[in-house]
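Below, all heavy atoms of this structure are taken into account, side chains as well, without hydrogens, waters or symmetry copies.
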Amino acid sequence: MTNPVPPPTTGRLAATATTAFAPAVWGTTYVVTTELLPAGHPLFAGLIRALPAGLAALAIGRALPHGRWWLKAAVLGVLNIGVFLPLLFVAAERLPGGVAATLGAVQPLAVAVLAVTVLHQPPSTWSFAWGIVGVAGVGLLVIGPDADVDVVGLLAGLGGAGAMAVGVTLTKRWGRPEGVGPTAYAGWQLTAGGLFLLPVTLLVEGAPPAVDASSALGYLWLGLPGGLLAYVLWFRGIATLPVTSVAVLTLLSPVVAALLGAVLLDESLTPIQSAGFVCCLAAIVAGHDRSKTFIASTSAGSAR
């Protein structure tokens, strides 16, 4: 397992910015799903997002798992891709985009707990507190009195967030094998998740839906920027940043979802929603600053 040297401040800022691209582009999933994709095919949407991108990443990365990494890649692929993506699309279909995205905001809190129990990191009151602020902020931003709550969509959103929280934590614990880059590593997980989804999709949904120009554009967007590029940057960020800092970045997804709803679907932001937006940004910045302090203290300790 590789143990990256903590990056300097400028490098960490760049790593944070590139990692943030992933949850930001994932925030477009909700408007793309409702406006471009055929309804009733969440498994197919997850499959199309994962498998072609995974095969492309394998071709670019030119590295296959070896030894125990076949099993580890399969476990991570199922959690981060095979379970998370279809549940994401189920929630996106059955709930308003902002509400669906809000459910994913429980992930920073889940990761903060798992960091203690799985990664054996000391409990961080800071991470827990700002995780709660982030959840509250997203709630103010996207949940209003007219929000429709579908039980299946609610369970799907929470289940997806839980699966990815476990997957992110295990990704951090296991790291990457020596000499394997983030593109190949993302390819392992995307392909494993896609292969998991392939038989499930055929059994549950049957034949693929008809694809017109708009749905083709939607699938292309989800598969390239939202699949291949986003996951390469995401797994690279997990390897170089503290896991709680990465988890806090997921709050960008509901923020982007709400902003797109306001811009594209004429959903205006109220003063309360604007306050929620500020809370989300504050949680992201606070998590970022705390991780900088953590890295600096770790580096100083190592030097001594």
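Residue L190 holds its CG atom at 11.5 Å from CG of L76, rounded to the nearest 0.5 Å. One finds the CG atom of L249 at 13.5 Å from the CZ atom of F21 (value rounded to the nearest 0.5 Å). Here the straight-line distance linking atom NE2 of H41 with atom OG1 of T33 works out to 13.0 Å at 0.5 Å rounding. Rounded to the nearest 0.5 Å, atoms CG (L241) and OG1 (T16) are 4.5 Å apart. In this structure, CG on L220 lies 11.5 Å from CG on L36, to the nearest 0.5 angstrom.
Between the side chain of Y185 and the main chain of P177, no donor-acceptor pair closer than 3.5 Å is present. Within the 3.5 Å criterion, the main-chain N or O of G40 finds a donor-acceptor partner in the side chain of E93. At distances below 3.5 Å, not a single donor-acceptor pair connects side-chain atoms of T191 with backbone N or O atoms of W188. Judged by distance alone, the side chain of K72 and the main-chain N or O of L170 form no donor-acceptor pair under 3.5 Å. For the pair R94 (side chain) and V152 (backbone), a donor-acceptor distance under 3.5 Å is absent. E205 contributes a side-chain N or O that, together with a main-chain N or O of L43, makes up a donor-acceptor pair within less than 3.5 Å.
Judged as a side chain to side chain donor-acceptor pair (under 3.5 Å), and not counting sequence neighbours, the contacts of T29 are R49. Legend: residues meeting side chain to side chain donor-acceptor pair (under 3.5 Å) with S215, ordered by chain and number and at least two apart, are D212. With sequence neighbours excluded, the residues that form a ring pair (Phe, Tyr, Trp, His ring centres under 6.0 Å) with Y231 are W26, F235.
Grouping the Ile, Leu, Val, Met, Phe, Trp and Tyr side chains by contacts below 4.5 angstrom, directly or via other members, places L79 with W69. Linking Ile, Leu, Val, Met, Phe, Trp and Tyr residues whenever their side-chain heavy atoms come within less than 4.5 Å places L85 and V211 in a single cluster. In the hydrophobic clustering of this structure, L224 does not group with I81; members are Ile, Leu, Val, Met, Phe, Trp, Tyr whose side-chain heavy atoms approach within less than 4.5 Å, directly or through other members. One hydrophobic cluster, built from ILVMFWY side chains closer than 4.5 Å, holds both V31 and L37. No path of Ile, Leu, Val, Met, Phe, Trp and Tyr side chains, each step under 4.5 Å between heavy atoms, connects F44 with L228, placing them in separate hydrophobic clusters.
The two residues T18 and A15 make their nearest non-hydrogen contact at OG1-O, 3.1 Å. Between T183 and A57, the closest heavy-atom pair is O-CB, 3.4 Å. Of all heavy-atom pairs between P38 and A210, the closest is CG-O, 4.3 Å. Of all non-hydrogen atoms in W221 and P225, the two that sit nearest each other are O-CD, 3.0 Å. Across every non-hydrogen atom of R236 and P182, the tightest pair is CB-CB, 3.8 Å. Of all heavy-atom pairs between G153 and A91, the closest is O-CB, 3.8 Å.
T171 has its side chain within reach of Q189: a pair of non-hydrogen atoms, C-beta onward, lies under 4.5 Å apart. Counting heavy atoms from C-beta on, the side chains of L260 and T28 come closer than 4.5 Å. Using a 4.5 Å cut-off on side-chain heavy atoms (C-beta onward), I238 and V243 make no contact. At least one side-chain heavy atom of M164 sits under 4.5 Å from a side-chain heavy atom of N80.
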Working for side chain to side chain contact (heavy atoms under 4.5 Å, CB included), residues F84 and V166: CA-CA 11 Å; F84 169 71; V166 176; over 6 Å; no
